Colleague: 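Questions regarding the structure given below will be posed in turn.
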Amino acid sequence: MQLLETKVIKPKILYYGTPVILLTTLNEDHTINISPLSSSWGLGKYIILGVSVEGKALENLQRHPECVINVPHQSLWKNVEKLASFTGKYPVPAQKHAAGFTFCKDKYKKGDLTPGASNVVKPTRIIECPIQIEAEVKNIHIPEYDTVFAIVETEMLQFHAHETIIKGENHIDPIKWNPLIYNFRHYFGIGNELGKTFRSET
Ligand SMILES: Cc1cc2nc3c(=O)[nH]c(=O)nc-3n(C[C@H](O)[C@H](O)[C@H](O)COP(=O)(O)O)c2cc1C
């Protein structure tokens, strides 16, 4: 491969391309909040989330340690963007207000999304999302070196998938599953398959 020159820059953001999730959490009045996030990763049966301390999601998770990690298909990007400038937190924190956020109580309505009852947690599942993961919060850690974000460790309790993306009994068909990628604040789908790892069972 050709040696390419690099340049040191100070990127304004570090969103280098991860799947969008829509996190549903329980409000104090037992309605549901939806928070778009892109900071998540899975390890075994655990999913780690990066959640702002300023938003409603963290407040809800601290009070009620359950959530659903709903993973939208790339075709749902406009629904995600409909939610992007809203917070379920009232009053809107000063910094969020300065960044252009306003309060929204009913995010399902705002995002043209549909709630469905979960099996084992109180927050609802988003019916339109092909993957919906009911999860329990195991730990919330706000690093002392920077108190802006919380690292939220969750454990998957139940994994739901649209039948259209399931292959065999317990696999997701990667040909049929197209997550929505948040790439430096732009939405992308994924392209064609390039290959697969030696451990792939599909
Ligand atoms: C595509 C997308 C990805 C986002 N990723 C994150 C994230 O990983 N962590 C986070 O705290 N906020 C993230 N945000 C910002 C939150 O969605 C925003 O703070 C929102 O107000 C949270 O809603 P809430 O305050 O009702 O929880 C993202 C927003 C969008 C649109």
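Whatever order the structure lists ligands and atoms in, that order sets their numbers, starting from 1. Note that this is a predicted model, so its numbers are computed, not measured.
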Colleague: Provide the number and element of each atom of ligand 1 under 4.0 Å from a heavy atom of Tyr187.
Modeller: 1 (C), 31 (C)
Colleague: What's the shortest distance from atom 10 (C) of ligand 1 to any protein heavy atom, and which residue and atom give it?
Modeller: Leu37 CD2, 3.5 Å
Colleague: For atom 9 (N) of ligand 1, what is the nearest protein heavy atom, given as residue, atom name and distance?
Modeller: Gly50 O, 2.9 Å
Colleague: Please identify which atoms of ligand 1 are closer than 4.0 Å to at least one heavy atom of Gly55.
Modeller: 25 (O)
Colleague: Within the side chain of Glu66, is there an N or O that forms a donor-acceptor pair under 3.5 Å with the backbone of Lys122?
Modeller: yes
Colleague: Taking 4.0 Å as the limit for heavy-atom contacts, which would you say applies to Phe86 with ligand 1: side chain only, backbone only, both, or neither?
Modeller: backbone
Colleague: Got a salt bridge between Glu201 and Lys196, using NZ or NE/NH1/NH2 to carboxylate O under 4.0 Å?
Modeller: no
Colleague: Would Val80 count as being in polar contact with ligand 1, using the rule that some N or O on each side must be under 3.5 angstrom apart?
Modeller: no
Colleague: Is there a donor-acceptor contact under 3.5 Å from the side chain of Glu134 to the main chain of Val120?
Modeller: yes
Colleague: Just let me know how Glu81 lines up against ligand 1, side chain, backbone, both or neither, with a heavy-atom cut-off below 4.0 Å.
Modeller: neither
Colleague: Run Lys105 and Thr31 through side-chain hydrogen bond (donor to acceptor under 3.5 Å, both in side chains) and show every step you take.
Modeller: CA-CA 9 Å; Lys105 177 71 181 163; Thr31 59; 3.2 Å; yes
Colleague: Looking only at protein heavy atoms, identify the closest one to atom 3 (C) of ligand 1 and say how far it is in Å.
Modeller: Tyr182 CE2, 3.4 Å
Colleague: Does NE2 in His97 sit with more than 12 non-hydrogen atoms of other residues, nucleotides or ligands closer than 6.0 Å?
Modeller: no
Colleague: Do NZ/NE/NH1/NH2 and the carboxylate oxygens of Glu59 and Lys89 come within less than 4.0 Å?
Modeller: yes
Colleague: Just jot down the ligand 1 atoms closer than 4.0 angstrom to any heavy atom of Phe149, in number order.
Modeller: 11 (O)
Colleague: Using a 4.0 Å heavy-atom cut-off, which part of Lys96 comes near ligand 1: side chain, backbone, both, or neither?
Modeller: side chain
Colleague: For atom 11 (O) of ligand 1, what is the nearest protein heavy atom, given as residue, atom name and distance?
Modeller: Ser52 N, 2.7 Å
Colleague: Test of understanding: given a 4.0 Å heavy-atom threshold, classify the contact between Val51 and ligand 1 as side chain, backbone, both, or neither.
Modeller: backbone
Colleague: Against heavy atoms of Ala57, which atoms of ligand 1 measure under 4.0 Å?
Modeller: 27 (O)
Colleague: Should Lys107 and Asp112 count as an ion pair when the cut-off is N to O under 4.0 Å?
Modeller: no
Colleague: Quick test: of every protein heavy atom, which one is nearest to atom 27 (O) of ligand 1, and how far off is it to 0.1 Å?
Modeller: Ser35 OG, 2.7 Å
Colleague: By number and element, which atoms of ligand 1 are closer than 4.0 Å to a non-hydrogen atom of Lys107?
Modeller: 23 (O), 24 (P), 26 (O)
Colleague: Under 4.0 Å from ligand 1, counting heavy atoms only, is it the side chain of Asn33, its backbone, both or neither?
Modeller: side chain
Colleague: Please examine the side chains of Ile13 and Phe184, heavy atoms only from C-beta on, and report whether any two atoms are closer than 4.5 Å.
Modeller: yes
Colleague: Looking only at protein heavy atoms, identify the closest one to atom 28 (C) of ligand 1 and say how far it is in Å.
Modeller: Pro36 O, 3.2 Å
Colleague: Evaluate the criterion side chain to side chain contact (heavy atoms under 4.5 Å, CB included) for residue pair His160 and Asn119; output intermediate values, then yes/no.
Modeller: CA-CA 10 Å; His160 306 255; Asn119 286 347; 3.6 Å; yes
Colleague: For atom 5 (N) of ligand 1, what's the nearest protein heavy-atom neighbour? Residue, atom name and distance, please.
Modeller: Ser38 N, 2.9 Å
Colleague: Would you call Lys78 and Glu81 a salt bridge, taking side-chain N to carboxylate O under 4.0 Å as the test?
Modeller: no
Colleague: What atoms of ligand 1 come within less than 4.0 Å of a heavy atom belonging to Gly88?
Modeller: 24 (P), 25 (O), 26 (O)
Colleague: Using a strict 4.0 Å cut-off to heavy atoms of Ala84, name the atoms of ligand 1 that fall inside it.
Modeller: 31 (C)
Colleague: Would you mind telling me which of Leu76, Leu180, Ile181 makes a side-chain contact (heavy atoms from CB on, under 4.5 Å) with Tyr187?
Modeller: Leu180
Colleague: Locate the shortest heavy-atom distance separating Leu49 from Ser40; write the atom from each residue and the value.
Modeller: CD2-CB, 3.8 Å
Colleague: Number the atoms of ligand 1 from 1 as they appear, then name those within less than 4.0 Å of a heavy atom of Thr87, with their elements.
Modeller: 21 (O), 24 (P), 25 (O), 26 (O)
Colleague: Quick one: do Glu155 and Lys138 make a salt bridge, cutoff under 4.0 Å?
Modeller: yes
